[in-house]
Number of protein chains: 2
Amino acid sequence: MESKNRSHCPVTYALDLIGDKWSLLMLRDIILFDKKYYHEFTQSLEGISTNILANRLAMLEGNGILLKVRDEQDKKRFIYSPTEKGLDLLPVIISMVLWSAKYDADTVAPLDEIKKIEQDPAAFMNKVRSKFSGEKMPDPVAL
Amino acid sequence: MESKNRSHCPVTYALDLIGDKWSLLMLRDIILFDKKYYHEFTQSLEGISTNILANRLAMLEGNGILLKVRDEQDKKRFIYSPTEKGLDLLPVIISMVLWSAKYDADTVAPLDEIKKIEQDPAAFMNKVRSKFSGEKMPDPVAL
DNA sequence: TGAGGTTGCTTGTGTTTTGCAAGTAAACAT
DNA sequence: ATGTTTACTTGCAAAACACAAGCAACCTCA
């Protein structure tokens, strides 16, 4: 499930991995809306088809952006979570959100939340990141 | 040449306009590499086919991201330039560049330039923007 | 003035990707 | 044991894409 790179231009590298209409929406659901399970992704507003969803989940996992583990509470399910590489895409998502909030007259982005993000994006990102400060973080470097 | 929106989520709005493998590469060429002409886009590293190129140029123009004007020096050519809406996508491009520079072991992004952008992204964006401070900027608000 | 080159597309044709509906298998619930 | 939930997979039609060729407007130079 590898993507072949068109070039090693950094814009191209990112687009070859997440430059489609679904991958960043899935990361939005995982990172911002706390979705974890396959069936939760099928319930998003935009209606992804299940074959595309399965394909993208495998691709994102294969490229180290998502982590997939069996749910020990209910072994027929899997829990998807962002890796550090996935969480590091938050600035991409946020810059898209700010751009759309500015130019989409019909945006549903809440204005007060947008203003908070604009004033202190680092604070917003830290708050989001703190939700995932669990088992999948790399070991802290010893002092 | 309109894109229909899947939803008015701000992530979706951005992806519906520029969430494909080519649009942001073209904006990279226009904004960062100073490309202006159709034939210059065909010469990029990644090799876009001409029908897709023509389609995307029309789409980006139709959505107010690019401006297309006839070149008065050579009337068989057109000059493409970013609108304010197009220039406002610079944060999206930059955040992708920083992410790829971090995770692509084979990136061609120059390390010293990346560090400068990381330390002061606003300064980099202003420098890039100053290249386009010409006729297509909106009139400054009267004092 | 007209022949050839440049530029910016458009048009075919085949391949790949996507969307939609239906089906399957493992785990679980009763 | 039977039905249900969950996570996919499969088949097929539609759309998007890549590649090659063609074409029209404009320019160049004789």
Side-chain angles (χ1 to χ4, degrees), chain A residues 1-7 12 15-26 29-30 34-63 65-81, chain B residues 1-7 12 15-27 29-30 33-63 65-81:
Chain A
M1 193 58 62
E2 298 271 316
S3 313
K4 41 204 144 176
N5 302 113
R6 290 174 292 179
S7 79
T12 309
L15 290 175
D16 283 347
L17 292 183
I18 51 139
D20 68 280
K21 299 231 176 277
W22 294 111
S23 295
L24 280 181
L25 286 185
M26 292 162 61
D29 286 347
I30 293 176
D34 303 332
K35 294 189 180 179
K36 296 177 188 60
Y37 303 112
Y38 187 95
H39 76 272
E40 292 181 299
F41 302 121
T42 67
Q43 293 161 4
S44 288
L45 209 52
E46 293 85 7
I48 189 171
S49 26
T50 60
N51 54 346
I52 304 296
L53 175 58
N55 175 278
R56 291 306 126 85
L57 285 170
M59 179 261 150
L60 291 171
E61 189 200 1
N63 284 297
I65 292 168
L66 293 183
L67 200 66
K68 175 186 186 179
V69 294
R70 211 171 258 286
D71 184 352
E72 290 304 321
Q73 266 62 56
D74 181 354
K75 292 199 172 181
K76 67 181 177 300
R77 308 199 292 189
F78 295 91
I79 296 176
Y80 291 93
S81 61
Chain B
M1 193 57 63
E2 298 271 317
S3 314
K4 38 201 150 187
N5 302 114
R6 291 173 292 177
S7 79
T12 309
L15 289 176
D16 283 347
L17 291 184
I18 50 138
D20 68 280
K21 299 235 175 272
W22 294 111
S23 295
L24 279 180
L25 286 185
M26 293 164 59
L27 282 162
D29 286 348
I30 293 177
F33 298 158
D34 304 332
K35 294 190 180 178
K36 296 175 186 61
Y37 303 112
Y38 187 95
H39 76 273
E40 292 182 299
F41 301 122
T42 66
Q43 292 161 5
S44 288
L45 209 52
E46 293 85 7
I48 189 171
S49 24
T50 60
N51 53 348
I52 304 296
L53 175 58
N55 175 277
R56 290 307 126 83
L57 285 170
M59 179 260 151
L60 291 171
E61 190 199 1
N63 284 297
I65 292 168
L66 293 183
L67 201 66
K68 175 186 187 178
V69 294
R70 211 170 257 285
D71 184 354
E72 290 305 321
Q73 266 61 56
D74 182 353
K75 291 199 173 183
K76 66 181 176 302
R77 309 198 291 188
F78 294 92
I79 295 176
Y80 291 93
S81 61

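Protein chains get the first letters and strands the later ones, always in sequence-line order, with residue 1 at the start of each.
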Taking only residues two or more places apart in sequence or in another chain, which ones pass salt bridge (Lys or Arg N to Asp or Glu O under 4.0 Å) with [X]?
X	answer
A/Lys76	A/Asp74
B/Asp34	B/Lys131
B/Glu46	B/Arg28
A/Lys75	A/Glu72

- Taking only residues two or more places apart in sequence, or in another chain, which ones meet A/Thr42 in a side chain to side chain contact (heavy atoms under 4.5 Å, CB included)? A/Tyr38, A/His39, A/Thr50, A/Leu53

- Item | Non-neighbouring partners of B/Asp20 that pass side chain to side chain contact (heavy atoms under 4.5 Å, CB included), sequence neighbours left out | B/Trp22, B/Ser23, B/Arg56

- Query: Are any of B/Tyr80's side-chain N or O atoms less than 4.0 Å away from OP1 or OP2 of C/dC9?
  - Reply: yes

- Counting primed atoms, P, OP1 and OP2 as sugar-phosphate and everything else as base, the B/S/- map of nucleotides 13-27 of chain C against protein heavy atoms under 4.0 Å is -----SBB-B----B

- Query: A/Lys68 near the nucleic acid: base, sugar-phosphate alone, or nothing, with a heavy-atom cut-off under 4.0 Å?
  - Reply: sugar-phosphate

- Item | Range on DNA chain D touched by chain B - first to last nucleotide, heavy-atom distance under 4.0 Å |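 Going 5' to 3' along DNA chain D, contacts run D/dC17 to D/dC27.
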
- Query: Atom CG of B/Asp71 and atom CZ of B/Arg77: how far apart are they, to the nearest 0.5 Å?
  - Reply: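 Reported to 0.5 Å precision, the distance equals 5.0 Å.
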
- Rounded to the nearest 0.5 Å, the CG atom of B/Leu25 sits from the CD1 atom of B/Ile30 at a distance of 11.5 Å

- Heavy-atom check, side chain of B/Phe78 versus side chain of B/Val69, under 4.5 Å: no

- Would you say the side chain of B/Phe41 lies within less than 4.5 Å of the side chain of B/Leu57, judging by non-hydrogen atoms? yes

- Query: In residues 34-43 of chain B, which residues come under 4.0 Å of DNA chain D by heavy atom?
  - Reply: none

- To the nearest Å, give me how far apart CD (A/Glu72) and C1' (C/dC28) are.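 The answer, rounded to whole Å, is 14 Å.
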
